[in-house]
*Asks:* 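Take a look at the following structure, please.
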Amino acid sequence: MTVLRPITSTTIAAADTPSLVQSVDWLAIAPVVVTAAVGLIVLVADLFVPEHRKPLLGWISVAGLAAATAALLPLRAGDRSTFCLTGPGTDGAGACSYAADHFALVVQFLVLGGALVTALLSVTTVREARMPAGEYWFLLLSSAAGAALLPASRDLATLIVALEVASLPAFALVGMRRGDRLSSEAALKFFLSSVTATAVSLMGVSFVYAATGSLHLTQVADRLEHVPGQLDTLAMAGVALTLVGFAFKTAAVPFHFWVPDTYVGAPLPVAGYLSVVGKAVGFTGLILVTVIAFPAYSDVWGPALAVLAALTMTLGNAAALRQSADRPGGAVRLLAWSSIGQAGYLLVPIAAAAYAGRDQIGSTVAYALMYAAVNLGAFAVAALVARTKPLHRLADYRGLYAERPFAALALAFFLLCLAGLPPGIIGLFAKVTVFRAAVDAGLGWLAVVMAVNVVVALYYYLRWTALLFRTPDGDGEAAREGTQPRTGTPWPVTAAIVLTAATALVLSGAPQLVLRFASGSLFPL
């Protein structure tokens with residue numbers, strides 16, 4: 001028997017309230033879930049695996065990251081979303097917290113691929129440096145899971161949570177070399193700067209929420225268009241503070257001070273991970289909050305990012321020029337300052353999007369894909385050279401071609417890609433697309449600054465490349481205190497070099513693939 005109930009105002013209100021109970025699209029979140037699940041498996045297995053079998057945890061992590069990367073293939077249509085608000089009065093698919101669209105998939109491929117190469121480099125490092133295997137692999141997988149979640153985040157709360165899940169484990173990874181003063185100092189600097197960035201970002205997000213009453217990016221964008229006059233200052237302050245927080249994560253000047261010391265003090269695979277995956281996380285968050293959530297205030301963040309881009313590329317390249325060939329850690333410092341300079345190039349299309357529309361963002365993604373492959377490759381070769389010359393001096397690379405021809409040729413190719421010179425065609429194409437984005441947006445002055453910086457960067461990239469083919473000087477190498485040089489070439493390191501070199505070669509042979517892939521239907525957000 002059917003029981004009829006009277007319709008009351010309470011019933012109507014309940015019907016108009018968005019429902020938070022819904023099904024979860026597990027296929028859409030599979031890359032993140034697989035990475036996180038393997039991290040938990042490694043953490044638990046560490047309790048039961050005997051010490052002599054600890055290297056097995058590394059291979060489980062490598063397999064897990066490979067599986068997470070493969071889980072992106074069924075999502076290539078880019079048409080899935082989940083954790084959406086449902087019910088009358090909502091925006092449907094436009095108010096989702098997770099979207100597996102083309103933008104998310106491209107960045108997730110970059111992040112998980114970068115984490116996979118880092119894991120290959122780490123297999124040997126963890127064993128030989130006697131770092132706690134279970135903790136190391138759990139932290140790396142946790143950070144990778146957060147980094148994979150961030151590009152798919154479509155509300156400010158999920159964005160901040162993903163950012164911290166990616167960052168917090170990285171603090172511990174940087175300080176994983178117990179008893180090393182440089183490692184501890186690097187971890188402390190990284191921690192303090194990142195916590196400051198998070199606090200500033202959270203304050204900015206709270207201001208934006210107070211002005212709009214929503215955390216979903218698309219709803220924030222709509223409501224910022226019609227902010228009441230008395231809340232305009234609050235909303236503008238929220239936008240500015242949110243940008244400052246993400247500027248820390250991207251190592252944009254003047255929020256870059258933690259980068260060189262952190263890279264030098266961290267284990268070399270972790271430094272490579274931060275230079276690629278950590279940077280991708282920061283830039284992805286910056287793209288989402290500016291282009292998607294804050295287009296109404298493009299007159300605020302557009303000029304600010306243009307100035308940050310000019311300052312970042314100029315200071316990064318100027319500091320890289322000053323690196324001495326005989327200074328311990330000079331090679332890693334040069335890569336660190338170079339990464340700051342490259343961050344300036346990556347900022348250019350985001351600034352251009354304020355003037356010429358979101359289509360410019362494809363240039364940043366294309367450049368990031370190129371940079372990820374070649375910079376990780378450079379760190380892989382550095383890890384190989386450090387086995388016999390652990391001081392990481394630029395002078396250690398003198399005559400590398402006579403000792404390790406393949407490694408020297410690979411490093412030369414990576415450096416030429418970063419410089420934007422043939423045969424590193426992908427580096428040249430990526431720089432041209434970024435330059436064109438600035439010109440199309442009417443930012444002629446920024447295009448000139450970028451052109452000057454590209455020429456300046458040629459000097460230190462070519463100086464390092466020339467060292468590789470000079471006659472070895474024959475001088476002995478004094479190992480760092482407490483560190484013994486190791487001989488031999490572990491095959492995981494070789495695999496990492498081959499993988500990155502092959503990727504860079506394919507992209508240089510057909511640069512239109514990555515440019516079309518990144519710039520095509522990238523933003524159906």
*Asks:* List the residues meeting side-chain hydrogen bond (donor to acceptor under 3.5 Å, both in side chains) with Q342, not counting sequence neighbours, and say none if there are none.
*Replies:* Y367, Y461

*Asks:* Are V307 and L311 close enough that some pair of their side-chain heavy atoms sits under 4.5 Å apart?
*Replies:* yes

*Asks:* Between R154 and S97 (side chain of the first, backbone of the second, donor and acceptor by atom type, cut-off under 3.5 Å), is there such a pair?
*Replies:* no

*Asks:* For V253, is there any backbone N or O sitting under 3.5 Å from a side-chain donor or acceptor partner on T312?
*Replies:* yes

*Asks:* I want to check something: taking the side chain as every heavy atom from C-beta on, are F414 and L418 in contact at a cut-off of under 4.5 Å?
*Replies:* no

*Asks:* Is it true that a side-chain atom of S298 and a backbone atom of F294 form a donor plus acceptor pair closer than 3.5 Å?
*Replies:* no

*Asks:* Under the side-chain hydrogen bond (donor to acceptor under 3.5 Å, both in side chains) rule, collect the residues that match up with T314, sequence neighbours excluded.
*Replies:* N453

*Asks:* Between S214 and H216 (side chain of the first, backbone of the second, donor and acceptor by atom type, cut-off under 3.5 Å), is there such a pair?
*Replies:* yes

*Asks:* Could you go through V239 and V289, starting from their C-alpha distance and side-chain angles, then the distance that decides it, and tell me whether this counts as side chain to side chain contact (heavy atoms under 4.5 Å, CB included)?
*Replies:* CA-CA 9 Å; V239 170; V289 297; over 6 Å; no

*Asks:* Rounded to the nearest 0.5 Å, how far apart are OG1 of T284 and CG of L150?
*Replies:* 6.0 Å

*Asks:* Evaluate the side-chain proximity of S201 to I160: yes if any heavy-atom separation is below 4.5 Å, no if none is.
*Replies:* yes

*Asks:* Of all the heavy-atom pairs spanning A353 and V291, show the shortest one and how long it is.
*Replies:* CB-CG2, 4.1 Å

*Asks:* Quick check: does any side chain N or O of T433 sit under 3.5 Å from a backbone N or O of A430, one acting as donor and the other as acceptor?
*Replies:* yes

*Asks:* Okay, side chain of Q108, backbone of A148: is any donor-acceptor separation there less than 3.5 Å?
*Replies:* yes

*Asks:* Kindly give the heavy-atom pair with the smallest separation between A441 and Y355, and that separation in Å.
*Replies:* O-CB, 3.5 Å

*Asks:* Distance check, rounded to the nearest 0.5 Å: F257 atom CZ versus I340 atom CD1?
*Replies:* 11.0 Å

*Asks:* Only counting residues at least two apart or in another chain, list the ones meeting salt bridge (Lys or Arg N to Asp or Glu O under 4.0 Å) with K249.
*Replies:* E164

*Asks:* Within the 3.5 Å criterion, strictly below it, is a donor on Y297 or D232 matched to an acceptor on the partner's side chain?
*Replies:* yes

*Asks:* Would you list the atom pairs, donor with acceptor, under 3.5 Å between side chains in residues 264-271 and any protein atom, with sequence neighbours excluded?
*Replies:*
none

*Asks:* Nearest 0.5 Å, please: how far is CG in L112 from OG1 in T69?
*Replies:* 4.5 Å

*Asks:* Between V348 and S363, is there a side-chain heavy-atom distance shorter than 4.5 Å?
*Replies:* no

*Asks:* Can you tell if the side chain of F379 reaches within under 4.5 Å of the side chain of L335, non-hydrogen atoms only?
*Replies:* yes

*Asks:* Under the 3.5 angstrom rule, does the side chain of R76 hit a backbone N or O of L73 as a donor-acceptor pair?
*Replies:* yes

*Asks:* Tell me, with the steps shown, if S339 and Y371 meet side chain to side chain contact (heavy atoms under 4.5 Å, CB included).
*Replies:* CA-CA 9 Å; S339 74; Y371 172 77; 3.0 Å; yes

*Asks:* Indicate the atoms forming the closest heavy-atom contact of S153 with A162, along with that distance.
*Replies:* OG-CB, 4.0 Å

*Asks:* Going by atom types alone, do D155 and Y98 pair a side-chain donor with an acceptor below 3.5 Å?
*Replies:* no

*Asks:* Considering the options L376, L65, T503, V277, which one meets the side chain to side chain contact (heavy atoms under 4.5 Å, CB included) requirement together with V117?
*Replies:* L376

*Asks:* Can you check whether F190's main-chain N or O pairs, donor with acceptor, with S194's side chain at less than 3.5 Å?
*Replies:* no

*Asks:* How many angstroms lie between atom OG of S338 and atom CD of Q323, to the nearest 0.5 angstrom?
*Replies:* 11.0 Å

*Asks:* Can you give me the closest heavy-atom contact between A310 and W445, atom names plus distance?
*Replies:* CB-CZ3, 3.9 Å

*Asks:* Heavy-atom count check: over 12 atoms from other residues, nucleotides or ligands less than 6.0 Å from R436 CZ?
*Replies:* no

*Asks:* Please name all residues satisfying salt bridge (Lys or Arg N to Asp or Glu O under 4.0 Å) with R80, sequence neighbours left out, ordered by chain then number.
*Replies:* D25

*Asks:* Run M203 and F207 through side chain to side chain contact (heavy atoms under 4.5 Å, CB included) and show every step you take.
*Replies:* CA-CA 6 Å; M203 180 172 288; F207 286 177; 3.8 Å; yes

*Asks:* Heavy atoms only: give me the nearest A145-T35 pair and the separation to one decimal.
*Replies:* N-CG2, 3.7 Å

*Asks:* Passes side chain to side chain contact (heavy atoms under 4.5 Å, CB included), I29 versus F83? Steps please.
*Replies:* CA-CA 10 Å; I29 64 175; F83 302 113; 4.1 Å; yes

*Asks:* Quick check for you: to the nearest 0.5 Å, what is the distance between L288 atom CG and F246 atom CZ?
*Replies:* 8.0 Å

*Asks:* Which pairs with one or both residues in residues 260-280 pass side chain to side chain donor-acceptor pair (under 3.5 Å), sequence neighbours excluded?
*Replies:* S143-Y273, K189-D261, D261-R333, S275-N375

*Asks:* Less than 4.5 Å apart, any side-chain heavy atom of T82 and any of C96?
*Replies:* no

*Asks:* Less than 4.5 Å apart, side chain to side chain, heavy atoms only: is that true for W137 and V38?
*Replies:* no

*Asks:* So Y460 and N317, side-chain hydrogen bond (donor to acceptor under 3.5 Å, both in side chains) or not? Walk me through it.
*Replies:* CA-CA 9 Å; Y460 61 80; N317 287 320; 2.5 Å; yes

*Asks:* In this structure, are over 12 heavy atoms from other groups packed under 6.0 Å from F191 atom CZ?
*Replies:* no

*Asks:* Between the main-chain N or O of L346 and the side-chain N or O of T364, is there a donor-acceptor pair closer than 3.5 Å?
*Replies:* yes

*Asks:* Would you say L321 and W337 make side-chain contact, with heavy atoms under 4.5 Å?
*Replies:* no

*Asks:* Please find the pair of heavy atoms, one from A172 and one from L139, that lie closest to each other, and give the distance.
*Replies:* CB-CD1, 3.5 Å

*Asks:* Rounded to the nearest 0.5 Å, how far does CD1 of I350 lie from OG1 of T290?
*Replies:* 6.0 Å

